[in-house]
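One structure below.
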Amino acid sequence: MTLKTILLGACSALAFAGMASAETLTIATVNNGDMIRMQGLTEDFTSKNPDIKLEWVTLEENVLRERVTTDIATKGGQYDVLTIGNYEVPIWAKQGWLLPLEKLGDNYDVDDLLPAIRGGLSVEGKLYAAPFYGESAMIMYRKDLFEKAGLKMPENPTWEFIGDAARKITDRSADINGMCLRGKAGWGENMAFITALANSYGGRWFDENWKPQFDQPEWKNALQFYVDLMKDAGPSGASSNGFNENLTLFQQGKCGMWIDATVAASFVSNPKDSTVADKVGYALFPTQGELKNHGNWLWSWNLAIPASSQKSEAAEKFISWATSKDYTALVAAKEGWSNVPPGTRTSLYKNEEYKKAAPFAEPTLAAMDAADITKPTVKPVPYTGGQFVAIPEFQALGTTVGQLFSAVVAGQSSVDDALAGAQSTATREMTRSGYIK
């Protein structure tokens, strides 16, 4: 055997050993545009961390929630990094299901995280998830259609104005729907919007004693408005539309207005994907009458480490990379400042390049500032949360109620029957869980 052969064999053995010792992180994430973009940029991470490989499990929102909830509750250990919302983080952290993030690195700058976002991800002063992007809700609308109809968007629009405007700009012959809203059943799908809508009408999920409130007029008025608007100005098949479906419709020029997550602004204004990119305006989430409660939600998609993971050190390295200011700069360099993940860091909204490139920056910050998850509606409530109720039971309960309401949009039920079903279901669940007797 020659010396060359021996050396080549040794190099091959070392290479194989290096490959064998590489850790593979399994990352469960949602199929939103920002997350898909992150997957396309991870060579930046793996080139700096050759001992770490990434395996992606990318799922539709409802499916993601179901699978990660089942896995973490049963300590299944399928995933090393979870994409979860600010609803789950404090609940799961208190259950001991998440590991605290204490080694994000000297350059991470935790203090730069927006206080409201950071607070929602912390328990007893410890950060249990890092925000990838944050959002509230706002109106995205076609300025050209408003101008054609002789309409001007108010600084603080009411639902009465929005309903009237949506009907006026609807043009079925041109395949233009005046309003696109979530109809797909799920606590984080249609119920995110409908709960925010009900909040602005003064509705509550529960009163101070945890008694369900679906039998109250505020809920009847809010749900009736929503159902009528979808019938008069919404797209066909609205009961199956969630965030991604409505995004596609808006980008194709088929929505005159869309009220949804502020994070959508970068996608509807991106000329690479949106046929109406230069025609989009933004406005605050509407209020109802004299209540002046925007009902805004405050949400963040976050990366967390389940306690069942055996690769926590590598997982925290990845999370630090994906939620850092350096990652923001990477996206800006590759995709432009208008496409960076929004809503997590104070420094972003002070960045002149971002403000110049993103016409939605100020409306997004205004929407987030208008959100108060400690006081989501007008009357007192025993819970926190804008578009959700921050109790463990809400995930299942919210989805069940969402199915009842989605059936109304599909023409399979009535508003009164859906509300009666929601009241009965919520009362039964809250009694079973010991909230009421």
Side-chain angles (χ1 to χ4, degrees), residues 29-41 58 60-61 64-65 83-87 113-114 116-117 120-121 129-141 180-182 184 186 188-189 192-193 196 241-251 255 257-270 272-274 276-277 280-285 294 296-303 322-323 327-328 331-332 335-346 348-349 351 354-355 357-371 373 386-388:
T29 194
V30 66
N31 64 343
N32 287 353
D34 282 295
M35 302 301 187
I36 300 298
R37 181 180 290 130
M38 175 176 63
Q39 293 178 42
L41 296 173
T58 306
E60 187 271 332
E61 192 168 322
L64 173 76
R65 290 191 169 107
T83 305
I84 57 178
N86 53 322
Y87 162 73
L113 298 177
L114 289 168
I117 296 294
L121 306 178
F132 184 73
Y133 70 74
E135 65 183 35
S136 187
M138 68 180 179
I139 305 167
M140 291 159 280
Y141 68 98
C180 289
L181 297 171
R182 299 186 188 193
K184 181 187 292 185
E189 280 283 6
F193 173 77
N241 292 345
F243 175 88
N244 286 326
E245 291 81 7
N246 285 324
L247 170 61
T248 299
L249 287 171
F250 195 97
Q251 289 176 322
C255 297
M257 280 187 282
W258 179 29
I259 304 176
D260 211 299
T262 53
V263 73
S266 69
F267 301 112
V268 299
S269 62
N270 187 342
K272 292 181 181 179
D273 303 310
S274 177
V276 296
V280 186
Y282 310 94
L284 281 174
F285 196 91
H294 288 282
N296 274 30
W297 69 65
L298 188 65
W299 179 259
S300 57
W301 277 116
N302 317 282
L303 302 179
T323 62
Y327 176 79
T328 299
V331 176
E335 305 282 346
W337 275 104
S338 63
N339 292 309
V340 303
T344 63
R345 290 185 174 272
T346 301
L348 181 62
Y349 293 93
N351 186 308
Y354 179 64
K355 289 193 287 185
F360 48 82
E362 288 189 12
T364 294
L365 190 60
M368 295 185 74
D369 287 343
I373 64 172
Q387 79 282 28
F388 59 81

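Only a predicted model underlies this, so the values are computations on that prediction, with no experimental measurement involved.
- Atom CE of M35 sits about 9.0 Å away from atom CG of L64, to the nearest 0.5 Å.
- Within 6.0 Å of atom CD in Q39, more than 12 heavy atoms from other residues, nucleotides or ligands are found, so the atom counts as buried in its surroundings.
- Shown here are the side chain to side chain contact (heavy atoms under 4.5 Å, CB included) partners of N270, two or more places apart in sequence or in another chain: K272, D273, N339.
- Take Y354 and apply the ring pair (Phe, Tyr, Trp, His ring centres under 6.0 Å) test, not counting sequence neighbours, and it matches Y349.
- Looking at heavy atoms from C-beta onward, W301 lies in side-chain contact with E61 at the 4.5 angstrom threshold.
- Here the CZ atom belonging to F267 is positioned 7.0 Å from the CG atom belonging to L247, to the nearest 0.5 angstrom.
- Legend: residues meeting side chain to side chain contact (heavy atoms under 4.5 Å, CB included) with A130, ordered by chain and number and at least two apart, are L101, Y108, I319, T323.
- In terms of heavy atoms, V268 sits closest to V280 at O-CG2, 3.8 Å.
- Considering only heavy atoms from C-beta on, L365 comes within 4.5 Å of D369 through its side chain.
- Scanning all heavy atoms of the two residues, the minimum distance from N31 to E60 falls at OD1-CA, 3.6 Å.
- Annotation: side chain to side chain donor-acceptor pair (under 3.5 Å) contacts of E189 (sequence neighbours excluded): none.
- Listed for the R37 side chain is no donor-acceptor partner under 3.5 Å among the backbone atoms of V340.
- Partners of T83 according to the side chain to side chain donor-acceptor pair (under 3.5 Å) rule, which considers only residues two or more places apart in sequence or in another chain, are T29.
- Every ring pair (Phe, Tyr, Trp, His ring centres under 6.0 Å) that W258 has, sequence neighbours left out, goes to F243.
- Heavy atoms only, all atoms of each residue included: R182 and G188 are closest at NH1-O, 2.8 Å.
- Applying the side chain to side chain donor-acceptor pair (under 3.5 Å) test to N302 and every residue at least two apart in sequence or in another chain returns S300.
- Between A261 and M140, the closest heavy-atom pair is O-CE, 3.8 Å.
- Counting heavy atoms from C-beta outward, Y282 and S269 have side chains that approach closer than 4.5 Å.
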Legend entry - Check against side chain to side chain contact (heavy atoms under 4.5 Å, CB included), F285 and I259: CA-CA 7 Å; F285 196 91; I259 304 176; 3.7 Å; yes
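- Side-chain contact check for W299 versus T262: every heavy-atom pair is 4.5 Å or farther apart.
- One distance of note links CZ of R345 with CG of L113; it measures 5.0 Å at 0.5 Å rounding.
- Side-chain contact between S266 and F360: present, with at least one pair of heavy atoms (C-beta onward) separated by less than 4.5 Å.
- Rounded to the nearest 0.5 angstrom, K355 NZ and L348 CG are separated by 10.0 Å.
- Partners of A366 according to the side chain to side chain contact (heavy atoms under 4.5 Å, CB included) rule, which considers only residues two or more places apart in sequence or in another chain, are L284.
- Remark: F132 engages Y327 in a ring pair (Phe, Tyr, Trp, His ring centres under 6.0 Å) (not counting sequence neighbours).
- Residues that satisfy the side chain to side chain donor-acceptor pair (under 3.5 Å) test with E245, not counting sequence neighbours, are K184.
- Between F250 and D260, the closest side-chain pair of non-hydrogen atoms is not below 4.5 Å.
- Across G343 and M368, no two heavy atoms sit closer than the pair O-CE, 3.5 Å.
- By the side chain to side chain contact (heavy atoms under 4.5 Å, CB included) test, A371 pairs with S136, N296, L298, sequence neighbours left out.
- Listed here is the closest heavy atom pair of T344 and Y133: CG2-CA, 3.4 Å.
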